[in-house]
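Read through the structure below, which is laid out as structure tokens, and then see the notes.
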2 protein chains.
Amino acid sequence: MQQIAAAAGVSVTTVSHTISGKRPVRPDTAERVRRLIEEFGYVPDSGAQRLKTGRSRIIGLAVPDVSHWYFGRIARGVEEAADELDYGVIVASTSNSDPRREKRYFNMLRTRLIDGLVYTASREMTPTEELVKLASKSPVVLADEAIPSLDGLPSVTSDNYVGAQDLGRHLASLGHTRAVILSGYAGLKSQIERVKGIRESFPNALVLYGDFELRSGYDLVSDLLAQDVRFTALFGCNDLMAIGAMQRLREAGIRVPEDVSVVGFDDVDMASVVTPGLTTVRQDMLEIGRRSGRLLIEGLEGRTELTSAGSVSLPVELVIRGSTATAPA
Amino acid sequence: MQQIAAAAGVSVTTVSHTISGKRPVRPDTAERVRRLIEEFGYVPDSGAQRLKTGRSRIIGLAVPDVSHWYFGRIARGVEEAADELDYGVIVASTSNSDPRREKRYFNMLRTRLIDGLVYTASREMTPTEELVKLASKSPVVLADEAIPSLDGLPSVTSDNYVGAQDLGRHLASLGHTRAVILSGYAGLKSQIERVKGIRESFPNALVLYGDFELRSGYDLVSDLLAQDVRFTALFGCNDLMAIGAMQRLREAGIRVPEDVSVVGFDDVDMASVVTPGLTTVRQDMLEIGRRSGRLLIEGLEGRTELTSAGSVSLPVELVIRGSTATAPA
DNA sequence: CTGAAAGCGCTTACAG
DNA sequence: CTGAAAGCGCTTACAG
């Protein structure tokens with residue numbers, strides 16, 4: 001900037017202002033400065049700007065694991081929003097709340113590296129003490145999972161309850177009466193809502209808990225079979241567990257959907273590729289990411305108050321495929 | 001830091017040194033300072049450090065799309081490496097080389113926001129002018145795709161050639177003779193090598209080009225069927241195209257593997273879930289990410305020279321599943 | 001083992 | 001419409 005100023009024969013003040021546009025600059029001077037900037041390929045040093053203004057224009061995103069389809073979509077959405085508003089995003093996989101990692105990422109907030117955080121809870125609804133403290137003084141938006149005890153924070157989630165209701169009604173309308181629910185981590189609000197929504201149609205459905213992975217759907221069905229539990233409807237609280245369950249059923253010679261109807265939740269790519277296609281509820285993870293990012297940045301820029309009043313719950317869509325059919329006689 | 005210094009009755013110089021350990025500090029003084037730091041919850045301002053030292057301890061990662069399984073794995077790997085070495089990573093989806101976005105992310109390098117870049121080419125082997133210029137003065141490591149014209153840069157890739165050879169030999173040993181190859185973008189080195197490796201066993205294999213997506217595998221097979229092309233072996237140059245091809249074959253009443261054997265490349269999650277399971281070559285994307293990140297950071301810290309001499313090619317593994325069988329008589 | 005002071009590259013009151 | 005100067009919070013020669 002010094003160089004530009006010297007070359008243009010003006011003060012750094014003027015150079016700064018022609019860039020920022022925060023005060024009028026004589027048109028021909030501005031033009032000359034801009035040309036020099038172009039010529040030198042000058043870009044302002046972000047660190048120095050940060051130091052002066054106190055804002056880095058970078059936000060953090062903490063998700064359990066970016067490499068999962070589900071969180072990858074959120075990340076992409078946050079990134080899109082940030083890109084639009086001229087922010088950068090630092091991605092942090094918390095590895096299911098590895099405390100060391102969480103701490104490290106929270107520190108980014110404290111070192112002022114990032115201006116705010118989009119946080120996706122991974123396993124538990126009860127936040128770590130660190131998160132609570134952090135949330136009390138830094139801008140945080142919860143994506144995908146609301147955290148009841150952090151009720152001051154805005155969250156962007158899917159309408160899990162309605163989606164689950166749809167699923168329950170769909171299978172009830174097909175004449176099913178004996179159902180099993182494979183839920184994800186019991187500590188997540190989304191899971192509680194999904195179970196509740198399903199149980200509206202199947203009040204006595206058995207509920208088992210897994211970890212959202214394919215393998216756990218597979219294993220839970222093994223348990224059910226070993227115990228000789230009878231059911232004609234199986235609700236996976238995410239697609240992966242549902243698909244794992246389908247695999248296990250097939251291995252046991254139980255046909256989907258003739259003997260057992262299976263549904264999932266998410267609509268991951270895989271859901272339309274397996275045989276039969278998986279009936280599920282589509283969540284718009286990309287949009288969850290976008291909204292979270294936008295909400296956070298608007299909060300940072302003072303355009304929005306970052307309170308739970310800003311929370312949104314996005315609509316979901318029932319997607320019926322081949323894995324559901326009328327209950328066997 | 002001022003506060004800490006005042007409270008401890010020492011200079012900021014001493015506080016700075018007890019934190020950095022760059023010069024001896026009297027043990028009891030150090031102890032006192034450390035206690036105060038703990039008590040105040042003090043963390044050094046990253047922007048100020050950056051401004052002084054010129055290094056941000058943040059690296060950038062530019063991939064076509066973080067939300068794709070493939071790139072998500074790379075991202076996770078880079079993040080792991082960065083985390084280990086106490087760096088942060090800013091993720092940037094280039095949306096298949098959207099020039100506006102690329103430019104924006106390259107600017108991060110120029111504003112000194114990031115110290116270096118891990119770059120994954122998306123579509124073309126010929127880099128944009130911007131990339132070339134950038135690479136000549138900033139630390140860049142190529143992940144997953146080497147770029148021949150940027151031969152000064154280190155790259156971390158899979159051994160695409162060997163993997164493709166394995167696939168070709170596998171199908172040749174099963175008695176296949178008429179093969180079709182569905183390649184990804186023709187402009188990528190990985191694709192050229194895969195085609196070359198396959199053609200070692202099937203010199204006359206027909207090569208069609210797609211865009212790596214499920215849909216394009218599907219569409220390309222539609223074309224083949226419409227043209228009445230006869231083949232018993234189909235090579236997808238990635239799993240998604242192979243799976244799309246399988247879907248189209250099934251719709252046409254062509255059985256896999258009885259009538260046509262299908263193979264992919266990558267070993268995505270889906271590959272083991274489809275019916276039949278997809279024979280493929282497993283790439284360790286996580287490791288590609290890890291190595292790229294580590295290589296870049298080591299280069300930044302001067303422990304390695306960032307030249308093509310540092311390039312590595314990682315071993316791959318043939319995974320045989322149900323989609324391949326002996327050629328029909 | 002310790003401190004005073006310069007300076008990294010910006011932004012922004014203050015003054016004109 | 002413009003400039004001189006303070007200061008953001010650190011690190012690091014320089015001096016002791």
Side-chain angles (χ1 to χ4, degrees), chain A residues 1-37 40-58 86 88 107-115 138 300-302, chain B residues 1-34 36-37 40-58 86 88 107-115 300-302:
Chain A
M1 185 171 253
Q2 301 253 35
Q3 285 185 50
I4 305 288
V10 296
S11 68
V12 294
T13 309
T14 296
V15 175
S16 176
H17 281 111
T18 85
I19 292 173
S20 70
K22 285 193 181 168
R23 90 180 181 191
V25 177
R26 191 139 62 93
D28 57 324
T29 311
E31 190 43 40
R32 187 153 32 95
V33 170
R34 264 193 284 274
R35 231 195 314 272
L36 258 350
I37 285 175
F40 281 65
Y42 166 81
V43 278
D45 182 291
S46 55
Q49 284 181 311
R50 210 316 261 119
L51 189 55
K52 248 336 241 186
T53 63
R55 325 238 293 91
S56 64
R57 296 192 76 83
I58 303 186
D86 200 35
N107 250 355
M108 287 184 181
L109 220 32
R110 305 185 40 231
T111 65
R112 326 233 42 184
L113 209 182
I114 57 180
D115 293 340
S138 303
L300 292 175
E301 312 212 314
Chain B
M1 188 172 256
Q2 301 252 35
Q3 287 184 51
I4 305 288
V10 296
S11 68
V12 294
T13 309
T14 296
V15 175
S16 176
H17 282 110
T18 85
I19 293 173
S20 70
K22 285 190 182 168
R23 89 180 182 189
V25 176
R26 190 140 59 96
D28 57 325
T29 311
E31 191 42 41
R32 187 154 32 95
V33 170
R34 265 192 283 274
L36 258 352
I37 285 175
F40 281 66
Y42 166 81
V43 279
D45 182 290
S46 55
Q49 283 182 312
R50 209 317 260 114
L51 190 56
K52 249 333 240 187
T53 62
R55 324 237 294 93
S56 65
R57 297 192 76 82
I58 303 186
D86 199 35
N107 251 355
M108 288 183 180
L109 218 32
R110 305 183 44 231
T111 65
R112 326 234 41 184
L113 210 182
I114 57 180
D115 293 340
L300 292 174
E301 313 213 312

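A note on names: the letters A, B, ... follow the listed sequences, proteins ahead of strands, and every chain is numbered from 1. Owing to the predicted nature of the structure, the values given are computational and were not obtained by experimental measurement.
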| task | Would you mind classifying the nucleic acid contact of A:T14 as base, sugar-phosphate or nothing, using non-hydrogen atoms under 4.0 angstrom? | result | sugar-phosphate
Donor-acceptor contact below 3.5 Å, side chain [X] vs main chain [Y]:
X	Y	value
B:R50	A:R50	no
A:R55	A:D115	no
A:S46	B:T111	yes
B:T18	B:A30	no
A:R32	A:A8	yes

Output the rounded distance in Å from [atom1] ([X]) to [atom2] ([N]).
X	N	atom1	atom2	answer
B:H17	D:dC14	NE2	P	14 Å
A:Q3	C:dC10	CD	C1'	15 Å
B:L51	D:dT12	CG	P	12 Å
B:K22	D:dC10	NZ	C1'	12 Å
B:I19	D:dG9	CD1	P	14 Å
A:R112	D:dC8	CZ	P	13 Å
B:D28	C:dC1	CG	C1'	11 Å
A:R32	D:dT2	CZ	C1'	12 Å

For [X] and [N], is the shortest distance between a side-chain N/O and OP1 or OP2 below 4.0 Å?
X	N	answer
A:R50	D:dC8	no
A:R23	D:dT2	no
B:T13	C:dT2	no
A:Q2	C:dG9	no
A:S11	D:dG3	yes
A:Q49	C:dT11	yes
B:T29	C:dC1	no

| request: Would you kindly check whether a donor in the side chain of B:K52 faces an acceptor in the base of C:dG7, or vice versa, at under 3.5 angstrom? | output: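 Counting by modelled atom types and ignoring angles, a donor-acceptor contact under 3.5 Å is found here.
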| request: For the pair A:Q3 and A:Y42, evaluate side chain to side chain contact (heavy atoms under 4.5 Å, CB included) and give the outcome as yes or no after the intermediate values. | output: CA-CA 9 Å; A:Q3 285 185 50; A:Y42 166 81; over 6 Å; no
| request: For nucleotides C:dC14 and C:dC10, find the distance between their P atoms and express it as a whole number of Å. | output: 24 Å
| If each of A:V12 and B:V12 is mapped to the nucleotide of DNA chain C with the nearest heavy atom, which maps nearer the 5' terminus, i.e. the 5' end? | B:V12
| field | Residue closer to the 5' end of DNA chain C, B:P24 versus A:D45 (nearest nucleotide) | value |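 The 5'-side residue here is B:P24.
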| task | Can you tell me which stems involve DNA chain C, if a stem is defined as three or more consecutive Watson-Crick or G-U wobble pairs, both distances under 3.5 Å? | result |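 Correct response: C:1-3 with D:14-16, C:5-12 with D:5-12, C:14-16 with D:1-3.
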| Can you check side chain to side chain contact (heavy atoms under 4.5 Å, CB included) on A:T13 and A:R23, steps first, answer last? | CA-CA 10 Å; A:T13 309; A:R23 90 180 181 191; 3.6 Å; yes
| request: Let me see the working for A:M1 and A:I19 under side chain to side chain contact (heavy atoms under 4.5 Å, CB included), right down to the final yes or no. | output: CA-CA 10 Å; A:M1 185 171 253; A:I19 292 173; 4.1 Å; yes
